[in-house]
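Reviewing the structure listed below.
As the structure is a computational prediction, the values presented were derived from the model and not from experiment.
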Amino acid sequence: MSRPRRSDGITVLRAHAATVAAAVVAALSVAVPGCGSRASDRPPRCGIVVDVSASVAADQRARYLDEATAALRRCTGGRAYADVADANARAGRCTPVDMTLAAPDPRGNTLFDSAAETGQVDRAIAATRALVDCAAALPATATDLFGAFVLAGAALRAGPAGRRELTVFTDGISTRAPYDLSARELDDADINRLLDQLASDGLMADLTGVDVRIVGAGVGADELGPVRLGRVETAWRSYVNRAGGTVSRYAKTLGGI
């Protein structure tokens, strides 16, 4: 089994489907100071997924990265996980980012600790950009959003309970066979069949207590029309709900996440 490597504070994960849960649990364990801390007082766990598949234009991907940078800055003091959503992701072709965005050696000095936290966030941003560049340089593939949700859910549920957030930058059209949303009817019966199939194939993520935001939805997919795009939204809300999470934002518009 591949083991995580640690280099300069960044935990490198081999994202093979069979080993990711154990690797992520080991990598993401965080000691929270103080006995009896309330979950709301604990550092947030922030997940970011960037769609780099063939259906996403380069300029849109650049906008995703800008928004991912802003999301990482808002997670200062917490722990961040970042990955991509394409058919290469679950094969471990590019390394996800897993990093604590807090001062690695706090000294109780506000100026020192704040500078150290800023440095951690800047390094996480650089690592996330390197991850996306790695994925974009590989041969273009279909979008595997369901696989990305499974990996992100495993990362976010590791460690002590606390606030968990997942922001997914995507057009929302997962296209990896046999779960190509652009080719399905997605009426209520079809959505239920889809969810049952995903659960049977191990692609129902554990998003218990996770606040999910899907932004960029429908961008570049106007050919599907408003009715079908509405059904895609219904499918994602149903998926997240069955996975135990809540969709707090689903929109084309980036910014303000």
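Panel note: side chain Asp86, backbone Ala89; a donor-acceptor pair is recorded below 3.5 Å. Looking only at distances, no side-chain donor or acceptor of Ser200 sits under 3.5 Å from a matching main-chain atom of Asp196. Here the side chain of Asp113 pairs a donor or acceptor atom with the backbone of Arg107 at under 3.5 angstrom. Looking only at distances, a side-chain donor or acceptor of Thr170 sits under 3.5 Å from a matching main-chain atom of Gly172. Between the side chain of Ser174 and the backbone N or O of Thr143, at least one donor-acceptor pair lies under 3.5 Å. The closest donor-acceptor contact from the side chain of Arg164 to the backbone of Gly162 lies under 3.5 Å. Not one N or O on the side chain of Arg79 forms a donor-acceptor pair closer than 3.5 Å with the backbone of Met99.
Contact detail for Val52 and Ala135: the closest heavy-atom pair is CG2-CB, 3.6 Å.
By the salt bridge (charged side-chain N to carboxylate O under 4.0 Å, His left out) test, Arg61 pairs with no residue at all, sequence neighbours left out.
In summary, the side chains of Ser248 and Asp211 do present a donor paired with an acceptor at a separation below 3.5 Å, with no hydrogens or angles considered. In this model, no donor atom of one side chain and acceptor atom of the other lie less than 3.5 Å apart for Asp66 and Tyr64.
Here Asp122 pairs with Arg73 in a salt bridge; the nearest charged N to carboxylate O distance falls below 4.0 Å. Under the 4.0 Å criterion applied to side-chain N and carboxylate O atoms, Arg163 and Glu165 are assigned as salt-bridge partners. Salt bridge annotation for Glu67-Arg63: absent, with no cationic side-chain nitrogen under 4.0 angstrom from a carboxylate oxygen. Ion pairing between a basic and an acidic side chain is recognised when a charged N comes within 4.0 Å of a carboxylate O; Asp222 and Lys252 show such pairing.
Note that CG of Leu186 and OG1 of Thr234 are 8.5 Å apart. Values are rounded to the nearest 0.5 Å. Here CG of Asn109 is found 8.5 Å from OG of Ser114. Values are rounded to the nearest 0.5 Å. A distance of 11.0 Å separates CG in Leu156 from CG in Leu151, rounded to the nearest 0.5 Å. Atoms CG and CZ, on Leu224 and Arg231 in that order, are 13.5 Å from each other to the nearest 0.5 Å. Interatomic distance, CG of Leu194 versus CD of Gln197, reported as 6.0 Å (0.5 Å rounding). Note: Thr69 OG1 to Ile125 CD1 = 4.5 Å, rounded to the nearest 0.5 Å.
Side-chain heavy atoms closer than 4.5 Å link hydrophobic residues (I, L, V, M, F, W, Y) into clusters, and following such links, even through other members, never connects Val212 to Val219.
Annotation: ring pair (Phe, Tyr, Trp, His ring centres under 6.0 Å) contacts involving residues 194-247, sequence neighbours excluded, comprise Phe146-Trp236, Phe146-Tyr239, Phe149-Trp236, Phe149-Tyr239, Trp236-Tyr239. Applying the disulfide bond (SG atoms under 2.5 Å apart) test to pairs two or more places apart or on separate chains, those with a residue in residues 104-139 are Cys94-Cys134.
Counting heavy-atom neighbours within 6.0 Å of Glu185 CD, excluding the residue itself, gives a total of 12 or less.
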